[in-house]
Amino acid sequence: MSEKLLTDVQRRWNEISANIAAAAAASERNMEEVTLMAVTKTVPPEKVNEAIAAGCRLLGENRVQELLEKYEQYDKRAKIHFIGKLQTNKVKYIADKVDMIESVDSIRLAQEIDKRCALIGKTMDILLEVNIADEANKSGFGYDDIPNAVEEIRRFEHLKLRGFMTIGRFGAEIEETRGYFKKMHALLVDIRSKKIDNKDISILSMGMSGDYMIAVQEGATVVRVGRGLFGERKSVL
Ligand SMILES: *Cc1c(COP(=O)(O)O)cnc(C)c1O
């Protein structure tokens with residue numbers, strides 16, 4: 001297909017995919033280990049579907065209300081991960097619609113997801129969100145609290161812990177960010193080495209438009225890209 005027949009979204013999808021392949025190759029990783037997620041906040045469903053037509057198979061949703069409004073119009077070939085702040089009283093609206101909740105930031109939220117999933121007969125894949133830069137205003141588990149949290153999550157029959165997610169620190173220099181990503185990778189390796197039944201804990205969701213290539217170099221298995229794929233957002237959510 002000639003370049004000019006592609007939409008902007010499709011062209012950017014191809015560019016970002018090529019960047020991921022290059023970053024993976026440079027760090028001797030297999031690009032198959034890395035999934036490019038399209039973060040859809042404020043983006044109309046038609047545009048999201050352009051990304052899916054280009055090959056995207058994973059969407060990242062931040063807001064419950066926005067997901068509910070757009071859900072029916074999404075091309076169903078893509079899976080959906082919830083990545084935003086999730087209030088316990090909203091879990092019931094999305095439990096049947098998402099394939100993973102990446103932003104589990106408290107045991108209380110985990111408990112509520114478990115409860116809803118028990119009601120609908122589903123086991124939910126989850127990631128624990130890690131407040132890696134230890135910021136007072138950011139949600140997520142503290143780095144040092146993760147080993148305990150992993151043990152606590154085990155008692156929920158309708159949850160399956162698959163790994164960790166982090167957002168990093170806004171405004172951080174690239175080398176500071178690289179340090180956070182390295183720490184996240186070390187955490188994953190450490191937790192996996194602790195117990196044989198931790199082998200399913202294998203996902204590291206980190207890296208956004210500004211730093212996804214660094215994240216790939218440091219071991220990310222999911223990178224979450226919004227603006228780089230869909231263009232700048234008009235409003236910040
Ligand atoms: C918005 C958002 C992203 C994507 O950020 P961009 O800078 O648009 O790539 C990734 N992760 C989370 C949790 C987000 O809210």
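This chain uses plain numbering: 1 for the first residue, then up along the sequence. For ligands, and for the atoms within them, numbers begin at 1 and follow the listed sequence.
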* Select one of side chain, backbone, both or neither to describe which atoms of Asn62 lie under 4.0 Å from any atom of ligand 1, heavy atoms only. => side chain
* Kindly identify the option in Glu232, Met208, Lys41 whose heavy atom sits closest to atom 14 (C) of ligand 1. => Lys41
* Asked: Looking only at non-hydrogen atoms, which of Arg224, Met37, Arg227 approaches atom 7 (O) of ligand 1 most closely?
  -> Arg227
Numbered atoms of ligand 1 (with element) below 4.0 Å of [X], judged on heavy atoms:
X      : value
Ile83  : 11 (N), 12 (C), 13 (C)
Gly226 : 4 (C), 6 (P), 8 (O), 9 (O)
Val225 : 9 (O)
Arg233 : 1 (C), 8 (O)

* For Arg29 and Val216, indicate whether the former's side chain and the latter's backbone hold a donor-acceptor pair under 3.5 Å. => yes
* To do: State, to 0.1 Å, how close Val225 and Ser209 come at their nearest heavy-atom pair, and which atoms those are.
  => CG1-OG, 3.5 Å
Does [X] come within less than 4.0 Å of [Y], counting only side-chain N to carboxylate O?
X      : Y      : value
Lys41  : Glu66  : no
Glu69  : Arg63  : no
Lys160 : Asp200 : yes

* Is the closest side-chain heavy-atom distance between Arg224 and Ile167 below 4.5 Å? -> yes
